[in-house]
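What follows is one structure encoded as structure tokens, with my remarks underneath.
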Amino acid sequence: MTVFSKTPLLDTIRTPDDLRRLKVEQLRQVADELRQETIDAVSVTGGHFGAGLGVVELTTAIHYVFDTPQDRLIWDVGHQAYPHKILTGRRDRIRTLRTGGGLSGFTKRSESDYDPFGAAHSSTSISAGLGMAVARDLSGGKNNVISVIGDGAISAGMAYEAMNNAGAMNSRLIVILNDNDMSIAPPVGAMSAYLSRLYSGKTYRTLREAAKQINKRLPKVIANRADRVEEYSRAFMMDGGTLFEELGFYYVGPIDGHNLDHLLPVLKNVRDMETGPILVHVVTQKGKGYPPAEASADKYHAVVKFDVATGTQAKAKPNAPAYQNVFGQSLVKEAQKDEKIVGITAAMPSGTGIDIFNKAFPKRTFDVGIAEQHAVTFAAGLASEGYKPFCAIYSTFLQRGYDQVVHDVAIQSLPVRFAIDRAGLVGADGATHAGSFDNAYLGCLPNFVIMAAADEAELVHMVATQVSINDRPSAVRYPRGEGRGVEMPEAGVPLPIGKGRIIRQGSKIALLSFGTRLAECEKAADELAAHGLSTTVADARFLKPLDEDLVRKLARDHDVLITIEEGSIGGFGSHVMQVLTDNGMLDNGSLKARSMILPDVFLDHDSPAAMYARAGLDAKSIVNKVFDTLGKDFKTEAVKLA
């Protein structure tokens, strides 16, 4: 029985060189097959979905027209790059996306020469592209540099900083604006396509340059009027490019991003331009070509495994509430009692739980877009006027607003409440989204109260604690995913500031946890008890102010003190060690103190459990750390007992 392939043309394409050998008339079929392969692959792996379907034709056209990887192609954020990966030698691994040892869900330099710049945070592509273009010019090169940026990513200030710089430098850089949501201007059919070809063509550009030369010789008043006529006529016909023209870009568009007959000639014209920078405005549809995604409100932006025929996602029934939902629900309860509470997010309402707050208090909810710097200072302004802003931002994204946290919030001791989601390792999104550093980068700042929830019930109390802090900034960190399934309080009760708690009392080993590794500490304590090691488990709750009385007590009453946290060097463990050294508690050698932190490397994506095992922060690793600390003789004996 003969088995026919669903993707016969795509099967012939290993790299874009193979694609470029095809006839133009075959590209429509390639795009259709590429879309089908993307759908099939993500149905198996899960991951970002809608954005990739929206750029299938654009991806095909770019690789057909440009000489990648010699021509540098940069995808902003990178969550739309799955079709790009399929066309660039990674199709045989596409069903390993976001799994241990598999392909990254984003672009990654170490993965392929076709990924010249890695990304997973937004709005970096134009800056990186300009850097590459200038490097090319300094080296006397001739290759193209293409930055593809979405309408969401271009809302961030960094993109405009880059465009302003690029326009002033007049470097030959191509920016493709993939407009799939905001619809800055709609493509208006055949006339729009014709004008885009005309304005990007050499004849028009040659005439335009000649007119500019003539204008230089005309009286200034006449020359200025002539410039305005040309500018206004282009703005009137093209609709939407004036801003980019003012920034120094030559604007072309809007173009239907799903029509290869429109895309290909414009991209060829742009490729052959000898001056720059150029912005090509392409309008696409997220989820294009897959009806369930097209019909969905979020266009299936990110999905778990799903059934291709129906679009039904295979979501496991949760055993406990997700941390971000606990935060959102807790904030609603607090806001019902306090009209000064407002919620702020930077384009991540559902990821942070602010969407729950928004349903209850739409007028007190502010999504500022992909603008973390602005979000922090906006919150500071609200706080300065007596409001109680909760600024909910992932740990990895809050890094982008660090100067504002220091300069606008901490120095002025303004009571901005930071809800730091995705603290610790996050699994499939990998190193770019891991919340590894906030303990260190916030812990060094004066005037901060810093908490970490050990479970979902503690998070409820910590939100209430933040409401009560009105003289300085505060932060609570919590991980991605579900809680432990503990009994939930009816309402949050403010915690005593800077006070930890003893979970179980022992006499020889002390495990001092900061955050959700507490559950692993309890498992480790059970195993240590089986080896005859009486173990105290304590939950620090606060990094700042640190419960120094608790630290000193644990140090005095135990032979071994180990701190455990889901963060990098320089965080909670460093603060504990500072207390121990300041109090001379390590001077006589009677106490053995150790810190367990994330390793000093960027960990690749995997399941969270596998990542924490690799990081050495699971229960087994904690037990081994105790044995290592006690010494070789005890470890040997423990192995015999086991």
Side-chain angles (χ1 to χ4, degrees), residues 45-48 77-79 97-111 115 118-122 124 302 322-324 327 346-348 351-353 370 372 392-402 405 418-444 450 452-454 459 475-483 513-520 543 564-574 595-618 621:
T45 65
H48 293 99
V77 186
H79 60 215
L97 274 167
R98 296 159 54 87
T99 60
L103 294 177
S104 168
F106 305 97
T107 53
K108 191 172 184 180
R109 278 174 56 85
S110 61
E111 192 176 282
D115 293 357
H121 293 190
S122 82
T124 61
Y323 278 98
Q324 74 260 27
F327 165 73
M348 298 301 290
T352 58
I370 303 175
E372 290 84 4
I393 300 177
Y394 293 3
S395 170
T396 182
F397 296 154
L398 188 58
Q399 294 163 185
R400 309 185 80 173
Y402 188 60
V405 173
F418 292 98
I420 303 177
D421 204 322
R422 271 45 172 191
L425 303 175
V426 295
D429 282 335
T432 56
H433 283 58
S436 306
F437 308 113
D438 56 279
N439 287 345
Y441 71 64
L442 293 181
C444 61
I450 302 172
L459 179 56
V476 58
R477 76 188 311 254
Y478 48 93
R480 178 182 187 173
E482 300 169 11
S513 173
F514 181 63
T516 55
R517 290 292 94 189
L518 182 67
E520 295 298 305
L543 183 156
I564 301 97
E565 65 185 297
E566 299 150 320
S568 70
I569 189 170
F572 174 72
S574 297
S595 292
M596 297 184 70
I597 58 174
L598 290 176
D600 196 25
V601 296
F602 291 106
L603 290 169
D604 282 338
H605 53 279
D606 206 331
S607 69
M611 292 183 77
Y612 277 117
R614 200 182 337 149
L617 288 176
D618 60 353
S621 300

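Computed from heavy atoms alone, side chains included, the values below leave out hydrogens, waters and symmetry copies.
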Can any side-chain N or O of [X] pair as donor or acceptor with the backbone N or O of [Y] at less than 3.5 Å?
X      : Y      : value
Glu565 : Gly573 : yes
Arg422 : Gly351 : yes
Ser395 : Ala423 : no
Tyr478 : Leu459 : no
Glu372 : Ile393 : no

Mind listing the closest non-hydrogen atom pair of [X] and [Y] along with its distance?
X      : Y      : answer
Leu543 : Gly571 : CD1-C, 4.2 Å
Ala615 : Leu598 : CB-CD2, 4.0 Å
Thr124 : Ala119 : OG1-CB, 4.2 Å
Asp115 : Glu111 : OD2-OE2, 4.2 Å
Ala120 : Thr432 : CB-OG1, 3.1 Å

Any side-chain heavy atom of [X] within less than 4.5 Å of one from [Y]?
X      : Y      : value
Arg480 : Tyr394 : no
Tyr441 : Val405 : no
Phe514 : Asn439 : yes
Thr45  : Arg98  : no
Asp429 : His48  : yes
Leu425 : Leu617 : no

* Asked: With Phe106, which of His605, His433, His121 fulfils ring-ring contact (aromatic ring centres under 6.0 Å, His included)?
  ->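 Considering His605, His433, His121, a ring-ring contact (aromatic ring centres under 6.0 Å, His included) with Phe106 is found only for His433.
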Between [atom1] on residue [X] and [atom2] on residue [Y], distance to nearest 0.5 Å:
X      : Y      : atom1 : atom2 : value
Tyr323 : Asp421 : OH    : CG    : 11.0 Å
Ser568 : Asp600 : OG    : CG    : 8.0 Å
Phe397 : Thr352 : CZ    : OG1   : 11.0 Å
Ile370 : Met348 : CD1   : CE    : 9.0 Å
Glu566 : Met596 : CD    : CE    : 11.5 Å

* May I have all residue pairs that pass salt bridge (charged side-chain N to carboxylate O under 4.0 Å, His left out) and include part of residues 431-440, sequence neighbours excluded? =>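 The answer is Asp438-Arg477.
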* I would like to know whether Ile420 and Leu442 meet side chain to side chain contact (heavy atoms under 4.5 Å, CB included); could you show each step before the answer? => CA-CA 11 Å; Ile420 303 177; Leu442 293 181; 3.5 Å; yes
* List for me each residue that meets side chain to side chain donor-acceptor pair (under 3.5 Å) alongside Ser436, sequence neighbours excluded, and say none if there are none. =>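 With neighbours one apart ignored, the set is empty.
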* Asked: Would you say Leu603 has more than 12 foreign heavy atoms packed within less than 6.0 Å of its CG?
  ->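 Atom CG in Leu603 is crowded, with more than 12 foreign heavy atoms closer than 6.0 Å.
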* **Stepwise side chain to side chain contact (heavy atoms under 4.5 Å, CB included) check, Asp604 with Lys108** => CA-CA 11 Å; Asp604 282 338; Lys108 191 172 184 180; 2.8 Å; yes
